[in-house]
Protein chains: 2
Amino acid sequence: MLTDRQLLIFQVIVDDFIQTAQPVGSRSLSKKSEISFSSATIRNEMADLEELGFIEKTHTSSGRIPSEKGYRYYVDHLLSPQRLNKREVHQVKSIFAERIYELENIVQKSAKILSEMTNYTSIVLGPAVRENKLKKIQIVPLNDHTAIAIIVTDTGHVENRMFHIPESLDPDDIEKMVNILNDRLTGVSLDHLNNKIYKEVAMLLRHHIHHYDLMLNSIVDTIKMPANEKLFFGGKTNILSQPEFHDFDKVKGLLHMIEQEDGIYELIRKNEAGISVKIGRENNNTAMDNCSLITASYSIGAEQLGTIAILGPTRMEYSRVISLLQYLSKGLSSELSKLYQNE
Amino acid sequence: MLTDRQLLIFQVIVDDFIQTAQPVGSRSLSKKSEISFSSATIRNEMADLEELGFIEKTHTSSGRIPSEKGYRYYVDHLLSPQRLNKREVHQVKSIFAERIYELENIVQKSAKILSEMTNYTSIVLGPAVRENKLKKIQIVPLNDHTAIAIIVTDTGHVENRMFHIPESLDPDDIEKMVNILNDRLTGVSLDHLNNKIYKEVAMLLRHHIHHYDLMLNSIVDTIKMPANEKLFFGGKTNILSQPEFHDFDKVKGLLHMIEQEDGIYELIRKNEAGISVKIGRENNNTAMDNCSLITASYSIGAEQLGTIAILGPTRMEYSRVISLLQYLSKGLSSELSKLYQNE
DNA sequence: ATTTAGCACTCAGTATTAAAGAGTGCTAAC
DNA sequence: GTTAGCACTCTTTAATACTGAGTGCTAAAT
């Protein structure tokens, strides 16, 4: 559909624009070493490329910039996977250098390093806890009327919540209850827990403990809490350095969306495994106009855990970012497997 | 030192500028109902006020704006405490409306409401955990080589950390150790814990448990973790709406400082009890130029727990913000006392 | 001795114009 | 099919002038 020469010109336009953020004109193109024909020829080809919708003008007599369709084509067909250089490999590896055992810490650090390396904003969707399996439930009474319920999952995630102890409850009953719960529920994944409690365990409790229901509700609440997985950010202010965002309303909208988190969650969540690139309006969010989002998932074995993402202008270094995300997500996956795979 | 008329003029200038963000001129002042003399008279008085350093010009023929010294005087001498209206009282009370037992949640919500009410950025320094007293230590083994240490404090704060189990350790010994620790350390405040462990408990452990030291280190690490108290923010992007921050470099510096958190921590931390107002360069931080920070502490009984703060332009609604912070910090203190005071 | 009116002067902001530079599209020659 | 050439468009920048808000000072009025 495109001739080789059109392809060449298009590629050079995109590459140049990604670097300089300036519309690319025929004359400056003709001076590039990869291009051997005159500016007039280029102009003809550019007119065709524009008609096909791959590039556009910012005004009647300006140079050309890639359109969203153009970026899409570029990403789908023209991207040459870029090898990371030693420095970059080293930086990514530094995430795993210290022996940190906290999943959250690793994830947090990933976001930080990623944003520093790219100068874009990085977003990491923390591990989904809902598929974790229950390891232990504990209840620690604080005083006569409050106690704290703690649940630990098999990946070492700890969730806790305070609750009110019903007046009428015998302290011994608390212990009894915790024992029953641990006995029956260990190994059950968190999103099945709710079901299992009411279907199988509630009856059992009723036999042994008075007012079991009041306390049970608090525990169920604790389990339900992490409805949305946690988001981690790096370089939230990096967008301010991008020339395309030297516009207050634009920045305001974007930062506001980031602060709210809901919008981001929407954007990142619905993603299949592997790398995905969403360009501009493909994100279905006006705040994301002129922005691209590249996401990659990380996992333990076959179980998809979470997502890492880079948010930048549509004029993004797709090749480098994709390589980076690929490398990091692979690293994360293998490192986490090492830690949590119950071999 | 200032005549009544100068005081009046100064007050009107500050009030007007706080509202409009525009330099105030003699003519517009003379039209105000509180002022009964001519613009020429005002000009003379303003010249004096400028000489005294309370107001300044943005350029030779501009109206006047308050100087930092002026704001300081205004805050110290001219502020009339403003009563909150019903709506505002209601909004603050809504923070405590739901029966939330999580300290963190209350604090988080305070930050949110505060920023919404003021349109400035709010910062809340979470409760200092270090003076909490240990309620319980627990260790939950996840698999053969990792376990998770959990400590619970008397205010219901939960801290946890994963660690490596030394190969040579007998599983029974873990339980033994936890029992000894709980026995000896319950009721000790977190910042004394470290000391107490090495001085009194370590010896005891040595008698009973092989390789106790490896594990002990992990537990000590867990305790040490929350070195800085957690910061909560509200309305980080509100600064973008303030006209004085329609300057990219300014905003970038400020948002960057906020993102880093260290700087903020420095600013907020060193504060006595009660309300404190720091204006512009009094904050000793170039990113805070043209910004004021108002802080208030909250406490349980005599024990100072944390700080709530509002960050805005020096042209801030001091009166309203101070009233608001006063009211909220009092509310927070009493509400938290109700929850955690072990009556 | 204050207060005020009047006037010359300053400066930011805005609009207008002109000129320069980058780029295009089209046509005609190669 | 390719290229040189030219007219044209549009942005950017600088220069210029004008307006309006405001000041400082002086001299008159109170």
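Treat the numbers as computed from the prediction; the structure is a model and nothing was measured. Letters A, B, ... are given to chains in the order of the sequence lines, protein chains preceding strands, and every chain is numbered from 1.
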Legend entry - Under the side chain to side chain donor-acceptor pair (under 3.5 Å) test, residues paired with B/Thr118 that sit two or more places apart: none
Legend entry - salt bridge (charged side-chain N to carboxylate O under 4.0 Å, His left out) partners of residues 42-66 of chain A, not counting sequence neighbours, each pair once: A/Arg5-A/Glu45, A/Glu50-A/Arg64
Legend entry - Flag, side chain of A/Ser39 to backbone of A/Arg27, donor-acceptor distance under 3.5 Å: no
Inset, instruction - Round to a whole Å and report the spacing from CD of B/Gln22 to P of D/dA21. - result: 12 Å
Legend entry - Distance, rounded to the nearest Å, where A/Asp48 contributes CG and D/dT2 contributes P: 12 Å
Inset, instruction - Please identify each residue that fulfils side chain to side chain donor-acceptor pair (under 3.5 Å) with B/Thr295, with sequence neighbours left out. - result: B/Asn271
Legend entry - Distance, rounded to the nearest Å, where B/Leu29 contributes CG and D/dG22 contributes P: 9 Å
Legend entry - B/Phe37 CZ - C/dT4 P separation (whole Å): 8 Å
Legend entry - Donor-acceptor pair, side chain of A/Thr307 and main chain of A/Ala296, under 3.5 angstrom: no
Inset, instruction - Please list, by residue number, the residues of residues 6-17 of chain A whose heavy atoms come closer than 4.0 Å to an atom of DNA chain C; answer none if no residue qualifies. - result: none
Using residues 10-21 of chain B as the side-chain source, report each donor-acceptor pair under 3.5 Å to any protein atom, sequence neighbours left out, with the distance given to one decimal.
from: B/Asp15; atom 1: OD1; to: B/Tyr74; atom 2: OH; distance (Å): 2.7
from: B/Asp16; atom 1: OD1; to: B/Lys32; atom 2: NZ; distance (Å): 2.6
from: B/Thr20; atom 1: OG1; to: B/Asp16; atom 2: O; distance (Å): 3.0
from: B/Thr20; atom 1: OG1; to: B/Gln22; atom 2: N; distance (Å): 3.1

Inset, instruction - Name all residues meeting the salt bridge (charged side-chain N to carboxylate O under 4.0 Å, His left out) criterion together with A/Asp76; count only those two or more places apart in sequence or in a different chain, and write none if there are none. - result: A/Arg72
Legend entry - Inter- and intrachain pairs under salt bridge (charged side-chain N to carboxylate O under 4.0 Å, His left out), touching residues 321-330 of chain A, at least two apart: none
Legend entry - Five-pair end axes of the helix from C/dA1-D/dT30 to C/dC30-D/dG1 and the angle they enclose, rounded to 10°: 10°
Legend entry - Pairing residues for B/Thr58 by the side chain to side chain donor-acceptor pair (under 3.5 Å) criterion, not counting sequence neighbours: B/Ser62
Inset, instruction - Keeping to residues at least two apart or across chains, list the salt bridge (charged side-chain N to carboxylate O under 4.0 Å, His left out) pairs with something in residues 232-258 of chain A. - result: A/Glu244-A/Arg315
Legend entry - Between C/dA5 (P) and B/Ile42 (CD1): distance, integer Å: 12 Å
Inset, instruction - With sequence neighbours left out, write down each residue that passes salt bridge (charged side-chain N to carboxylate O under 4.0 Å, His left out) with B/Glu88, or none if nothing qualifies. - result: B/Arg320
Inset, instruction - At under 4.0 Å between heavy atoms, which parts of nucleotides 19-27 of chain C does protein reach? Answer with one letter per nucleotide, 5' to 3': B base, S sugar-phosphate only, - none. - result: ---BBBB--
